[in-house]
Amino acid sequence: MPTLAWRFEEFSEIDSTNTWLAQRAREGEPEGLIVRADYQSAGRGRLNRTWEASAGSSLLCSFLLRPHVESDDLALVVAAVALSTREALATRAKCEATLKWPNDLLVGDRKLGGVLAEVVTGPDGFAVVVGVGVNLTSYGASSAPATSVLHEVGAVPSARELLESVTLALSPRRELLECASGREKLRLEWEEALSTLGRKVRVVRPGGDVEGVATGIDEHGSLLVDVNGEMQSFNIGDVVHLRTVEPS
Ligand code: BT5
């Protein structure tokens with residue numbers, strides 16, 4: 001696959017970078033467009049939740065990808081972007097984050113950022129719009145524990161600088177999505193980066209919560225949880241980290 005030609009559009013204010021890019025995807029925009037904004041008036045999380053960030057405080061961006069993957073493997077697309085953001089935070093900001101399945105960037109148990117992937121279908125097939133929010137200088141009004149790069153390491157790159165590093169880190173991972181062996185590499189890297197594994201977790205689902213020990217990620221990116229000795233896999237849901245389980 002030839003290297004992607006990334007293209008950037010930037011706004012001082014927008015409703016949501018995901019909403020804007022999804023519309024462009026529907027209109028047939030080719031892969032590789034990236035949008036970044038200083039402020040979102042209607043920033044979104046998953047499941048109709050909101051993403052709060054004051055103007056200029058965060059990296060708020062979305063990537064338009066058109067990977068040749070089955071819908072089963074969409075979690076790995078999220079992982080490719082989350083892992084690239086984590087790498088960029090380490091190299092550009094000296095901020096070491098872990099990932100929480102399925103889509104959070106954490107420092108300790110505090111949320112530093114999140115990823116929101118949405119599938120768009122249009123005349124040119126399907127596209128995945130992957131949005132990333134990272135708290136740089138402040139961490140919004142979240143009631144859950146949150147943090148920022150400034151709070152963790154005392155210095156911050158600009159949102160644009162961090163975005164350039166994420167993009168650089170994403171290029172090789174985007175290529176890995178194209179073949180089974182590449183996706184397996186991503187899966188292994190994701191397992192390494194997930195602080196969810198080896199922990200007692202609660203998976204919160206519409207059908208009822210389940211508790212167990214998170215043990216791994218399967219080939220499609222679903223979370224494997226040992227529930228009283230029975231292995232169950234979850235491809236959707238929120239996870240609450242309960243505690244670390246010592247190996248016996
Ligand atoms: C996410 O959702 O974590 C995905 C967030 C993706 C945001 C980006 S910003 C650029 C792009 N355009 C968009 O419109 N969205 C994407 P979720 O796992 O549902 O987490 C949402 C929850 O995180 C909220 O309900 C709050 O509890 C919490 N939250 C909101 N703002 C936060 C912040 N700045 N820092 C930490 N936690 C926050």
Side-chain angles (χ1 to χ4, degrees), residues 18 44-49 63 65-87 97-106 108-109 111-121 126-133 144 170 173-248:
N18 260 46
R44 295 187 288 111
R46 294 178 310 133
L47 309 168
N48 290 325
R49 293 188 287 239
F63 298 83
L65 303 175
R66 294 185 183 274
H68 300 100
V69 297
E70 302 294 325
S71 54
D72 279 356
D73 289 331
L74 283 170
L76 295 171
V77 181
V78 176
V81 174
L83 287 164
S84 304
T85 307
R86 176 177 183 256
E87 180 184 329
T98 63
L99 303 183
K100 179 180 144 197
W101 189 90
N103 71 323
D104 286 352
L105 289 138
L106 300 184
D109 275 329
K111 185 156 170 166
L112 179 70
V115 178
L116 171 68
E118 296 174 297
V119 173
V120 176
T121 44
F126 89 91
V128 193
V129 171
V130 191
V132 178
L170 182 57
R173 292 184 178 87
R174 165 65 189 88
E175 289 185 33
L176 290 178
L177 284 169
E178 291 299 299
C179 63
S181 62
R183 289 192 291 275
E184 174 60 9
K185 257 189 168 170
L186 277 174
R187 188 189 69 79
L188 291 172
E189 189 191 3
W190 199 16
E191 282 196 331
E192 284 290 306
L194 278 168
S195 50
T196 308
L197 303 188
R199 292 183 79 137
K200 182 117 196 277
V201 295
R202 180 182 309 127
V203 185
V204 180
R205 303 175 310 155
D209 299 359
V210 177
E211 285 189 12
V213 178
T215 59
I217 293 293
D218 76 6
E219 62 186 306
H220 302 299
S222 296
L223 183 67
L224 298 170
V225 181
D226 180 337
V227 183
N228 299 323
E230 185 203 333
M231 203 54 79
Q232 296 189 17
S233 78
F234 299 91
N235 60 8
I236 190 160
D238 278 320
V239 160
V240 180
H241 285 174
L242 298 175
R243 61 183 165 79
T244 307
V245 176
E246 299 302 331
S248 48

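Note that the numbering runs from 1 along the sequence shown for the chain.
Closest non-hydrogen pair, Ala79 versus Trp190, comes out as CB-CD2, 3.4 Å. Considering every non-hydrogen atom in both Arg86 and Ala97, the closest pair reads NE-O, 2.7 Å. In terms of heavy atoms, Asp209 sits closest to Arg202 at OD2-CD, 3.6 Å. Among all heavy-atom pairs drawn from Ala117 and Val128, the shortest one is CB-CG1, 4.2 Å. Of all heavy-atom pairs spanning Lys100 and Thr196, the tightest one is CA-OG1, 3.3 Å. Closest approach of Val78 and Pro102 over heavy atoms only: CG1-O, 3.9 Å.
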In sequence, state the C-alpha distance, the side-chain angles, and the governing distance for Leu170 and Val81, and then conclude on side-chain contact (heavy atoms from CB on, under 4.5 Å).
CA-CA 6 Å; Leu170 182 57; Val81 174; 4.0 Å; yes
Test side-chain contact (heavy atoms from CB on, under 4.5 Å) on Leu65 and Val77 and set out the steps.
CA-CA 9 Å; Leu65 303 175; Val77 181; 3.9 Å; yes
Let's go through Val69 and Arg183 carefully: what are the C-alpha distance in whole Å and the side-chain angles of both, what is the deciding distance for side-chain contact (heavy atoms from CB on, under 4.5 Å) to 0.1 Å, and is it a yes or a no?
CA-CA 10 Å; Val69 297; Arg183 289 192 291 275; 4.1 Å; yes
What do the steps show when you test Ser233 against Ser222 for side chain to side chain donor-acceptor pair (under 3.5 Å), and what is the final call?
CA-CA 6 Å; Ser233 78; Ser222 296; 4.8 Å; no
Let's go through Asp104 and Leu112 carefully: what are the C-alpha distance in whole Å and the side-chain angles of both, what is the deciding distance for side-chain contact (heavy atoms from CB on, under 4.5 Å) to 0.1 Å, and is it a yes or a no?
CA-CA 8 Å; Asp104 286 352; Leu112 179 70; over 6 Å; no
What's the verdict on salt bridge (Lys or Arg N to Asp or Glu O under 4.0 Å) for Glu189 and Lys185, showing C-alpha distance, side-chain angles and the deciding distance?
CA-CA 6 Å; Glu189 189 191 3; Lys185 257 189 168 170; over 6 Å; no
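The shortest distance between side-chain heavy atoms of Asp238 and Leu47 falls below 4.5 Å. Proximity of Leu74 to Phe126: side-chain heavy atoms (C-beta onward) are separated by under 4.5 Å at one or more points. Here the side chains of His241 and Leu106 are in contact, with some heavy-atom distance below 4.5 Å. Within the 4.5 Å cutoff, no side-chain heavy atoms of Val201 are placed close to those of Leu242. By the 4.5 Å heavy-atom criterion applied to side chains, Phe234 and Val210 are counted as neighbours. With a 4.5 Å cut-off on side-chain heavy atoms, Val130 and Val115 count as touching.
With rounding to the nearest 0.5 Å, the separation of OG1 in Thr98 from CG in Leu194 is 8.0 Å. Put simply, NE2 on His220 and CD on Glu70 are 9.0 Å apart, with the number rounded to the nearest 0.5 Å. Atom CD in Gln232 sits 11.0 Å away from atom OG1 in Thr215 (nearest 0.5 Å). In this structure, CZ in Arg66 is found 11.0 Å from CZ in Arg174, a value given to the nearest 0.5 Å. From Ile236, atom CD1 reaches atom CG of Leu223 across 13.0 Å, with rounding to the nearest 0.5 Å. Separation of atoms CG (Asn235) and CG (Asp72) is listed at 8.5 Å; rounding is to 0.5 Å.
The pair Arg187-Glu219 fails the salt-bridge criterion, with no side-chain N (NZ, NE, NH1 or NH2) lying under 4.0 Å from an Asp/Glu carboxylate O.
Looking only at distances, a side-chain donor or acceptor of Trp101 sits under 3.5 Å from a matching main-chain atom of Gly221. Judged purely by atom type and a 3.5 angstrom limit, Glu178 uses its side chain to pair as donor or acceptor with the backbone of His68. Of the possible donor and acceptor atoms, one in the side chain of Asn18 sits under 3.5 Å from a partner among the backbone N and O of Leu116.
At most 12 non-hydrogen atoms from other residues, nucleotides or ligands lie less than 6.0 angstrom from CD of Glu192.
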